[in-house]
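Structure record follows, encoded as structure tokens.
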Number of protein chains: 2
Amino acid sequence: MPAKTKHSNRVTLDDVAREAGVSAITVSRCIRAPEKVAAPSRLRIQAAIDRLGYVPHMAASALASRRTNVLGLIVPSVTNSVFSDVLLGVYDAIEATGLSVQIANSRYSPSEEETLIRTFLAQRPAGLIVSGVDQTPTGRALLEAADCPVVQIMDVTDNPIDMLVGFSHFDSAASVVRHFMEQGYRRPAILSARMDPRSQVRVSGFRREAERLGIFDPRRVVTTQGRSSVGTGCQLFADLMARAPDADCVFCNNDDLALGVLFEAARRNIRVPEALGVCGFNDLEISAYVNPPLTTVATPRYRTGQEAVRLVAAALGPGVEEAERHLRLEAKLVVRASSQPGWTGPTAT
Amino acid sequence: MPAKTKHSNRVTLDDVAREAGVSAITVSRCIRAPEKVAAPSRLRIQAAIDRLGYVPHMAASALASRRTNVLGLIVPSVTNSVFSDVLLGVYDAIEATGLSVQIANSRYSPSEEETLIRTFLAQRPAGLIVSGVDQTPTGRALLEAADCPVVQIMDVTDNPIDMLVGFSHFDSAASVVRHFMEQGYRRPAILSARMDPRSQVRVSGFRREAERLGIFDPRRVVTTQGRSSVGTGCQLFADLMARAPDADCVFCNNDDLALGVLFEAARRNIRVPEALGVCGFNDLEISAYVNPPLTTVATPRYRTGQEAVRLVAAALGPGVEEAERHLRLEAKLVVRASSQPGWTGPTAT
DNA sequence: CTGTTAGCGCCTTCAA
DNA sequence: TTGAAGGCGCTAACAG
């Protein structure tokens, strides 16, 4: 039998095997489970690997073993710091698992998300993490049929696809309204950009609670389709002042917007929190340092990423208890000066 | 509902072929180059694919064709907005290419980066984008030996590995010193956190230019190993005030730090820009909106991501002209109120 | 335009 | 502890 002709100059398992004087499968074992290979062989193999600069071929490995170590992660945005914090949690948690993350960006588009779900599934991922609970029907069906663990994150729902790590946007928004009320504010406004499903839920949470307390006024709801940013916050606040100058406090659907409101209010010499209470959403790092420090809702973004990975890893292992599959985290109101009229001026932190 | 499924009931190309009454290779062609398949067959195949819910197996495809469509991207941080903007550019540019991005996070560690280079190479990526030009010798050797296009981004060097898209950190920093000088400041300070290679170059750019102009004072160089953040900016500024209260302007190695300085200065009733000129680096979105608006160096992050992908795509196609392989972008000083003593108070934007 | 023949590089199974 | 045989699902290179 003629020697197999090699069409590429790649170093393969066979090359290493020959170099080490063992068979290919032994090299394979030596890489995946070194303890199952005798020490002498192991040493020779390792030496051969180093000498030849062997790098395993993942695709071949995936094909033969029918599994990949790819954890797919679909987020609506890579720039939004909300999701970059989730990423951080994911990356930190992934280390212990031997999995590798692959991020995809749906740009807040359900149909793009569906395409990405397809793409990921084509790679037979070890697991999949998707953002939110509002997949398209087809996307949902694909995920339900997927033979890998699936985790929905950043929101809660009554009928998750598989596993879930999230918190209630509705409740968070409602708690902000109550906080304003407790601080003595009576004419709350809400500012919101890009109306993705979770933003919408926050808006309705705000509305419901305000209605319940008898302090809702539709004039004080200002939204835009544009993406959320500090600049948008300035703009929306200007719009609000034009439409409903009587507003005495404002819930911004995220911290970017709230920061914009703070800066714009400063320019207009509107005193926060005396003349205007401000509350954001997410608790970005900067929010604690602006003047006045921003009251906001701290969302468990890092932890969400971490836990999602943990759930996938657990599902890949022996068995998961049903109780573990749905993790409802808490988003906590962090009260700072921007919503406390009793505040007395800038102080060093 | 998920997991634990027996792994033999996958729909394969053969299943589709049988269903459509053609051979597997025809189905394969129909997916990759529909125009090379007769219309009737194509219709039957498409119908079969839909009926069976066929999803191609990437690993098998990669193995057989000896190529993947994975573009590996190694960044030192996923949360740093500098890199998330690069990501945005990458994602926007990738669409036209049919490639798929895979991000890895080196956490500013050269050795982690080396590991990631190995991991990526194991997947036979279509291309690789790495941050900076300071890979470990081994990492560099791996990349030089890689049989795929490699792009270094966010910095410049005389001997790039392969292709490059970046700008000069040294020159940028020097231009900031000159700007301060022109505005009448004479005792410049520099604040810097996490001393990654690019930050270091900026510090030396600042130092050299200040020395050249005869206004350098080592007391006014304040650095820390911690990661850069708004809080760190507050802290470093406090340190500076303790060490060298005579400083009349400060170059912050990035906008996070500068924002912290602005907020901390406000708390200390230090007037910017009259008593203190402030300049940041990167031009984050928020910097234009704070009070006073922040002078900073606008770095071409989005474009860097875009161009890097374009270079890879071009290298994958027919032929690239040598001239195209090294792209030196420009980082531009954006002068705003925080460094212009002539500024007269807050104004709406 | 379509099919046949061979692998791609690795891992599973089973035997030694 | 190690090895031999076979195949994972797909595609390059040729025929037809």
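Numbered from 1 within each chain, the chains take letters A, B, ... in sequence-line order. All values below come from the heavy atoms of this structure, side chains included, with hydrogens, waters and symmetry mates left out.
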Measure all distances between protein nitrogen or oxygen atoms and nitrogen or oxygen atoms of nucleotides 14-16 of chain C, and list the pairs falling under 3.5 Å.
none

> On DNA chain C, nearest-nucleotide positions of A:V55 versus B:A38: which is more 5'?
Replying inline: B:A38

>> Categorize A:I25 for me: base, sugar-phosphate, or nothing, with a 4.0 angstrom heavy-atom threshold over every strand shown.
In response: base

> Is a donor on one side and an acceptor on the other found under 3.5 Å between the side chain of B:S61 and the backbone of B:H57?
Replying inline: no

> Can you tell me how far CZ of B:R227 sits from CZ of B:R107, rounded to the nearest 0.5 angstrom?
Replying inline: 13.0 Å

> Can you check the B:I45 CD1 to C:dG3 P distance for me, whole Å?
Replying inline: 8 Å

> If you check the A:Y54 side chain, which of D:dC10, D:dT2, C:dC10 turns out closest?
Replying inline: C:dC10

> Between CG of A:L88 and CD of A:Q306, what distance do you get to the nearest 0.5 Å?
Replying inline: 9.0 Å

> So does A:R67 get a side-chain nitrogen or oxygen closer than 4.0 Å to the phosphate oxygens (OP1/OP2) of C:dC11?
Replying inline: no

>> Within the supplied structure, the quantity of interest is the number of heavy atoms (other residues, nucleotides, ligands) at a distance under 6.0 Å from A:R67 CZ; does it exceed 12?
In response: no

> Does A:S23 place a side-chain N or O at less than 4.0 Å from the phosphate oxygens OP1/OP2 of D:dT2?
Replying inline: no

> What residues form a side chain to side chain donor-acceptor pair (under 3.5 Å) with A:S131, not counting sequence neighbours?
Replying inline: none

>> Categorize B:R42 for me: base, sugar-phosphate, or nothing, with a 4.0 angstrom heavy-atom threshold over every strand shown.
In response: nothing

> How close or far is atom C1' of C:dC1 from atom CZ of B:R32, stated in whole angstroms?
Replying inline: 15 Å

>> Rounded to whole Å, how long is the line connecting atom CD1 of B:I31 with atom P of D:dC10?
In response: 8 Å

>> Both A:H57 and B:A39 contact DNA chain C. Which one's nearest nucleotide lies toward the 5' end?
In response: B:A39

>> Tell me if a side-chain donor or acceptor on B:D15 pairs with a main-chain N or O of B:T12 at a distance below 3.5 Å.
In response: yes

> What integer distance in Å separates B:K36:NZ from C:dC1:P?
Replying inline: 10 Å

>> Please check: side-chain N/O of B:R140 versus main-chain N/O of B:Q135, any donor-acceptor pairing under 3.5 Å?
In response: no

> In whole Å, what is the span from the CE atom of A:M58 to the C1' atom of C:dC11?
Replying inline: 14 Å

> What's the CG-P distance between A:L13 and D:dA4, to the nearest Å?
Replying inline: 14 Å

> OP1 or OP2 of D:dC8 less than 4.0 angstrom from a side-chain nitrogen or oxygen of B:T12, does that happen here?
Replying inline: no

> In whole angstroms, how far is the C1' atom of D:dC10 from the CZ atom of B:R18?
Replying inline: 15 Å

> Can you check whether A:S28 has a side-chain N or O nearer than 4.0 Å to OP1 or OP2 of C:dC10?
Replying inline: no

> Can you check whether B:S65 has a side-chain N or O nearer than 4.0 Å to OP1 or OP2 of D:dC10?
Replying inline: no

> Under 4.0 Å between a side-chain N/O of B:S61 and OP1 or OP2 of D:dG9, yes or no?
Replying inline: no

> Nearest 0.5 Å, what's the CG-CG distance between B:N80 and B:D85?
Replying inline: 9.0 Å

> Below 4.0 angstrom from OP1 or OP2 of D:dA13, is there any side-chain N or O of B:R66?
Replying inline: no

> In terms of side-chain heavy atoms of B:L63, which of C:dG9, D:dA4, C:dG7 is nearest?
Replying inline: C:dG9

> In whole angstroms, how far is the C1' atom of D:dG3 from the CG atom of A:D14?
Replying inline: 13 Å

